[in-house]
Amino acid sequence: MSPQLYDFHLPLTPEELLKSGGVNQYVVQEVLSIRNLPSQLRAFQAAFRAQGPLAVLEHFDTVYSILHHFRSIDPGLKEDTLEFLIKVVSRHSQELPAILDNATLNVSDRRAHLNALKMNCYALIRLLESFETMTSQTSLMDLDLGGKGKKARARAANGFDWEEERQPILQLLTQLLQLDIRHLWNHSIIEEEFVSLVTGCCYRLLENPTISHQKNRPTREAIARLLGVALTRYNHMLSATVKIIQMLQHFEHLAPVLVAAVNLWATEYGMKSIVGEIVREIGQKCPQELSRDTSGAKGFAAFLTELAERVPAILMSSMCILLDHLDGENYMMRNAVLAAMAEMVLQVLNGDQLEEAARDTRDQFLDTLQAHGHDVNSFVRSRVLQLFTRIVQQKALPLTRFQAVVALAVGRLADKSVLVCKNAIQLLASFLANNPFSCKLSDTDLAGPLQKETQKLQEMRTKRQTAAASAVLDPEEEWEAMLPELKSTLQQLLKLPQEEEIPEKIATTETAEAVKGRIHQLLAKASYKQAIILTREAIGHFQESEPFSHMDPEEPEETRFLNLLGTIFKGPAASTQEKNPQGSAENMGPGQTDGKEKPNVSEPERSRGKDELVKQEMLVQYLQDAYGFSLKITEAIGIISKMMYEHTTTVVQEVIEFFVMAFQFGVPQALFGVRRMLPLVWSKEPGVREAVLNAYRQLYLNPKEDSARAKAQAFIQNFSLLLVDASLGTIQCLEEILCEFVQKDELKPAVTQLLWERATKKVPCSAVERCSSVMLLGMMARGKPEIVGSNLDTLVSIGLDEKFPQDYRLAQQVCRAIGNISERRKPSRDKRQPPFRLPKEHRLFERLQEMVTRGFVHPDPLWIPFKEVAVTLIYQLAEGPEGICAQILQGCAKQALEKLEEKSTPQEDPKTPVLPAFLLMNLLSLAGDVALQQLIHLEQAVSGELCRRRVLREEQEHKTKEPKENVSTETTMEEEMGLVGATADDTEAELIRSICEMELLDGKQTLAAFVPLLLKVCNSPGLYCNPELCAAASLALGKFCMISATFCDSQLRLLFTMLEKSSLPILRSNIMIATGDLAIRFPNLVDPWTPHLYARLRDPAQQVRKTAGLVMTHLILKDMVKVKGQVSEMAVLLIDPVPQIAALAKNFFNELSHKGNAIYNLLPDIISRLSDPEGGVEEEPFHTIMKQLLSYITKDKQTESLVEKLCQRFRTARTERQYRDLAYCMSQLPFTERGLRKMLDNFDCFGDKLSDESIFNTFLSVVSKLRRGAKPEGKAIIDEFEQKLRACHTRGLDAIEELQIDQRSSQKTPSAKKQSAVSRPQHLASAASDNDFVTPEPRRTTRRHPNTQQRTTKKKPRIVFSSDESSEEELSAEMTEDETPKKTTPIRRASTRRHRS
């Protein structure tokens, strides 16, 4: 077939070119073999050099054969073919402009060039797609093989890097399409198939997931420009829209790529309409369909979100189409539409110069965003808060909406979703950082100015109203105002015939003045028509009376009427002035002024007053907004502070950052949060700990001062404020933070220097500032001991000088600072160096001994905490501390005896000597401190030193021995040495224990001399009734009991009697702490007394309950006491009226929930005790407690087991209140389908209780909870359960049998029968055996299902809880000999080293 005679039709598939089609249609004659392809390609190249691009008309079969064998041919041939085809198309695109401009081009030549164009483009594009397909497959293989050597494998497969070759081909096609090639076709209409061929390859390239990579950006831009030309020149918009929608549904990676392309088309190619077309297609998608097609919804959402960021102004006109998706089920689409609205508010509808329509649109968008802050989906609520955060950060939120959006954020702080809470905190932080009110937001500081300015505004308004009331309106101004309307009315009346007018009647007795007054009133009321008619009547009636007589007949009628009405309204003076203005001015005297000029004179003053009023109103509005904003922030702080100890690390970090910002903006309540975050410095989460450290760095470490000394002074001042009224726990947290700063050298030397200057009074400072400086130096010494160690003598002279009276507070801080220079921990075995100690003759100990002894006889309350720190320091640093403390004890006892002798006189009864209570208190307190420190010294310092010396001695002996030749012998020796070491450790521990048991409280020791006096005071509370003395004696007794198990055993009854019977809360608290320590040291001795420890959890005194809660928390979590049903006393603390105690209990159960199944095991006993009518709690508090405890049940197996236990518990319950409590507990469990089946299996246990309305409603709440997350296959069993509930509630338990008979008769299929068998209720035979609860036997049919036969005949065991049995330990504590607990627990305290292999 001659090339000039055929037409090349673009095929849908390559195979179509092999089939004979229509008349003159080109058909491939032969598919060449692979071995002939190189030669044929060379022939094609030679023909191209001779004929140009038209050579393809004769050699197309060669290119088609290469495409046909593409997978099998050599990579070099592929590369040559691609390179050659690029050259052919490029040459053709260069020649086409001249051909298209040739007006003499005949039909055959035009057809030849058209066929050549289609053939060349088809061949090049199909080759491009073949390369792309192969590269995609290679990429998938690379995923399996790993990414290493990926580029080398690609080059090996194709012979070159294909990703670098795509862009030139696309640019070449773009260049070709930019030519006016439509003239090659008949009637200059380009065929759709050609456009689809070119654009189809673009969409094929876009389907490759790697197209979104950064390295392929040039390719993406080339594709976008090629499609842009097709859109502008070849009417490709409809096809592009449909294709884009399809691709968004199926390819998740394409959303950002297509957004970039659409942005290019809309901005550079002017195709803004395509945005509307695409959005219209998305808007017309059914929301229900998108709720099922999550992939498509995700693509549409990402596309809309990014498109709104790029072209918000273009997208805004199409937003109405998308609004239906806000009511759809797919949350991603809702998020996308809301994000688009936010972008438009940020980029288009921002600023104060908006038109009314734009302002209305912005308000509608913001209203929609606020409404979806309460969306049912947490991701939407979270997204709304994020969008508002951006809007606030870019200052695009109108001031009038501040209060509403802040209120929204505060409300979302209570959201169940952690993500929403986190974003709400971020939004409030953004409000703080970008608030337009003030850098200091204290509501107390704003309240005063607001009240003052509001009062001033009221005064200005009152003054203005008074001035307005007294001011007389100018008639001239009123006349000018009414003149236009009056003239119009007059013209209309003059045109009407006089007969049609309704005349105003004038009475015969009425005078001209009266009529004149009536006309004036009608004009004042704007009744112009009646006024004109009455005037016309008056002219005819009073022709000789003023002012109706002076009518100039030569003037037009309209002018005559207006002059007359003006004269009547303004008065004759004004009329005269108008007629003779010069004369009126001349007739005025020199002291007179024209009344008309008065308003003009006061006009500037009136304008100025009005401006001042407007300014004042704006000021008051500003203060009101600022005050309302600060109140909302204060409210938020109260809520956010409770989130400080959430389990989610990111939320805690956001809370910390929020409080830092709030503190910087001067919100007074923020200091509470800054202090509350301190304990988080001990957090095990590194992120939380670092957040606290960063917060304090930001707030305190870098003050905004100029010089280094000023910065140091600001740091010391701010940090010292934190120490004011700080608890011991707070001080320890601050010490940890300061220690961290010191260890990382973040504190400048100027800080240390200034602290020493204040401590030594080189710079003037108060006593409190001096004390805080010493305190800070002591804290820093923990990080770097040399800070204090190198200035030890200076510190001694600062706080322990010989002046009197002594400053015990300063002395106490000096002792603590000095104590930080030595290591407090027990020395390890590997330590070779002896511990740091000072000789007993050191001046430090001399001063301490003298200060304690001299201060003993003075009733200074600060002496007691000082002597406790002093004794601790002596035992910590002194060589032979027991000797120093023995001297102190002897000296104080001697002074007490001297005072006793001074008080007693010969006349008094010698049997009743009198001693001041404070002296006895000081003496017993000192003895208790020495006893405790002596014990610590023996068990830590002495034991550690014995261990250290033994290790050194063993090493020395080992060195002196000859080394063994046999390696195995050495190994055996090392093992033996390890065992010997463990035995030696036990020997040393036994030695220390025997010293404590036998010697410390022996009659020969100093401490033993104080025991009889101590017991005398504790056993005689009536005689020694001073509260401080009793408290000191009880603490001292607890410390003495810590020394010896024998002494402790003999005094436990006394301790618990005081704990039970004492009327002093402080004493009960002290003994609670002491017995807690004894429970850890001597668990076997204290174990029988455990119920009395639990009893203090219900103590009437708040302080005792809090102490008992802390002690029991430590004992239970350290497994030092048995956890029984008495832990219900801890559960009662969850509803304690004191928030700190309730928080303590909640923290206890949070920690206990991490210890395996502890709470699950305790729940039955807790429920039993708390619902007990005799000793439980009320119903509402019970609900509060159980809601908290049951929230820890998260495992399905635990839920199923508890369901069965609680169902069986219905049988043993005795009151309706217990039934309701059990039903409530079941409703709080996290039910699953298996849990529901378990409840159905035990339905007979509670079915007869459903007649109670509250119990029935509680079980209905379980049904509604199950329905919310139920799967379609689980809804049948939920429906069955609900039917049973309702049948039982309305007709009783017997109705269940009838319901089952109906169900069995309606169920025909085996599967249905199986389901019925599963849900069949169990027999109630076991209930008949209960003594306290008997359920009538329900009527049963004789027919039984085989699957249920075994289950129904099996008798259920009666479940008995330990809490149902009476416990001897719960009886009231009467501390008599026969009631002393004799029960012991076999717990041995043995060294762990004994078990070491």
Side-chain angles (χ1 to χ4, degrees), residues 716 719-720 722-724 726 728 730-732 734-735 738-739 742 751-824 836-856 858 860-878 881 884-885 888 925-926 929-930 933:
I716 294 170
F719 223 79
S720 298
L722 291 173
L723 300 174
V724 177
L728 182 60
T730 301
I731 291 174
Q732 288 176 342
L734 289 170
E735 185 176 2
L738 204 56
C739 178
V742 170
V751 175
T752 309
Q753 181 182 350
L754 185 57
L755 285 172
W756 278 113
E757 289 177 4
R758 291 174 63 169
T760 54
K761 283 193 171 181
K762 289 184 178 179
V763 295
C765 61
S766 64
V768 176
E769 290 174 337
R770 189 184 186 199
C771 187
S772 66
S773 299
V774 174
M775 197 172 181
L776 290 173
L777 284 170
M779 292 178 175
M780 294 164 64
R782 253 199 69 206
K784 285 187 179 179
E786 57 269 19
I787 292 176
V788 170
S790 58
N791 297 280
L792 184 58
D793 294 335
T794 307
L795 266 183
V796 173
S797 61
I798 288 172
L800 307 177
D801 52 3
E802 299 180 6
K803 69 175 183 178
F804 192 83
Q806 293 287 347
D807 185 353
Y808 289 115
R809 184 180 281 109
L810 179 62
Q812 181 182 349
Q813 296 306 327
V814 166
C815 291
R816 285 179 175 161
I818 294 173
N820 281 336
I821 67 175
S822 71
E823 188 178 22
R824 295 182 181 181
F836 173 75
R837 290 202 173 258
L838 299 172
K840 61 166 57 177
E841 298 83 11
H842 195 277
R843 183 167 174 265
L844 168 65
F845 307 121
E846 293 178 1
R847 294 300 312 137
L848 287 175
Q849 183 176 346
E850 184 180 350
M851 285 187 69
V852 172
T853 308
R854 286 180 61 184
F856 173 76
H858 299 286
D860 191 335
L862 294 175
W863 179 84
I864 289 183
F866 161 69
K867 58 85 188 164
E868 182 179 355
V869 178
V871 170
T872 304
L873 184 61
I874 291 171
Y875 273 98
Q876 190 178 339
L877 288 180
I884 300 174
C885 289
I888 294 175
S925 179
L926 177 62
D929 290 340
V930 173
Q933 290 302 322

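Atom set for the values below is all heavy atoms of this structure, side chains included, hydrogens, waters and symmetry mates excluded.
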So do the side chains of Ile798 and Thr760 get within less than 4.5 Å of each other, counting heavy atoms only? yes
Euclidean distance, Glu868 CD relative to Trp863 CH2, rounded to 0.5 Å: 11.0 Å
Point-to-point distance, once rounded to the nearest 0.5 Å, from CZ of Arg758 to SG of Cys771: 11.0 Å
Do Phe856 and Ile888 come within less than 4.5 Å of each other through their side chains, counting heavy atoms only? no
Which distance, rounded to the nearest 0.5 Å, do you find between the CD1 of Ile821 and the CG of Leu877? 5.5 Å
Gly799 versus Ala811, closest heavy-atom pair with distance: O-CB, 3.5 Å
Give a yes or no on whether a salt bridge exists between Glu846 and Arg843, defined as a side-chain N under 4.0 angstrom from a carboxylate O. no
Heavy atoms of other groups near Arg809 CZ, more than 12 under 6.0 Å: no
May I ask you to test the Asn791-Leu777 pair for a side-chain heavy-atom distance under 4.5 Å? no
Between Ala759 and Ser773 the two heavy atoms that sit nearest each other are N-CB, 4.4 Å
Name the orientation class of the two ring planes belonging to Phe866 and Tyr808 (parallel below 30°, tilted from 30 to 60°, perpendicular beyond 60°). tilted
Check Ile884 against Ala878 and note the closest heavy-atom contact, atom names and distance. CD1-CB, 3.8 Å
Stepwise side chain to side chain contact (heavy atoms under 4.5 Å, CB included) check, Asp929 with Tyr875: CA-CA 11 Å; Asp929 290 340; Tyr875 273 98; over 6 Å; no
Any donor-acceptor pair under 3.5 Å linking the side chain of His842 with the backbone of Leu844? yes
Nearest 0.5 angstrom please: Gln876 CD to Arg837 CZ, how far? 8.0 Å
For residues Ile731 and Met775, determine if any side-chain heavy atom of one lies less than 4.5 Å from a side-chain heavy atom of the other. yes
Determine, step by step, whether Arg816 and Asn820 satisfy the side chain to side chain contact (heavy atoms under 4.5 Å, CB included) criterion, reporting the C-alpha distance in whole Å, the side-chain angles of both residues, the deciding distance to 0.1 Å, and the verdict. CA-CA 7 Å; Arg816 285 179 175 161; Asn820 281 336; 5.7 Å; no
State, yes or no, whether a side-chain contact exists between Trp756 and Val763 at a heavy-atom distance under 4.5 Å. no
So, do Ser925 and Lys867 sit near enough that their side-chain heavy atoms are less than 4.5 Å apart? yes
Between Cys815 and Leu800, what is the shortest heavy-atom contact and its length? SG-CD2, 4.5 Å
Check whether any side-chain heavy atom of Arg770 lies under 4.5 Å from a side-chain heavy atom of Leu810, and answer yes or no. yes
Measuring from atom CG of Leu734 to atom SG of Cys739, what distance do you get when rounded to the nearest 0.5 angstrom? 12.5 Å
Taking every heavy atom of Ala817 against every heavy atom of Ala781, the minimum-distance pair comes out as O-CB, 4.3 Å
Apply the test side chain to side chain contact (heavy atoms under 4.5 Å, CB included) to residues Leu723 and Leu776: give CA-CA distance (whole Å), side-chain angles for both, the deciding distance (0.1 Å), then the verdict. CA-CA 9 Å; Leu723 300 174; Leu776 290 173; 3.9 Å; yes
CG/Leu795 to CD1/Ile787 distance, rounded to the nearest 0.5 angstrom? 11.5 Å
Does the side chain to side chain contact (heavy atoms under 4.5 Å, CB included) test come out yes or no for Arg782 and Leu738, once each step is laid out? CA-CA 9 Å; Arg782 253 199 69 206; Leu738 204 56; over 6 Å; no
Looking at every heavy atom in both Ile716 and Val751, which two are closest together, and how far apart are they? CD1-O, 3.8 Å
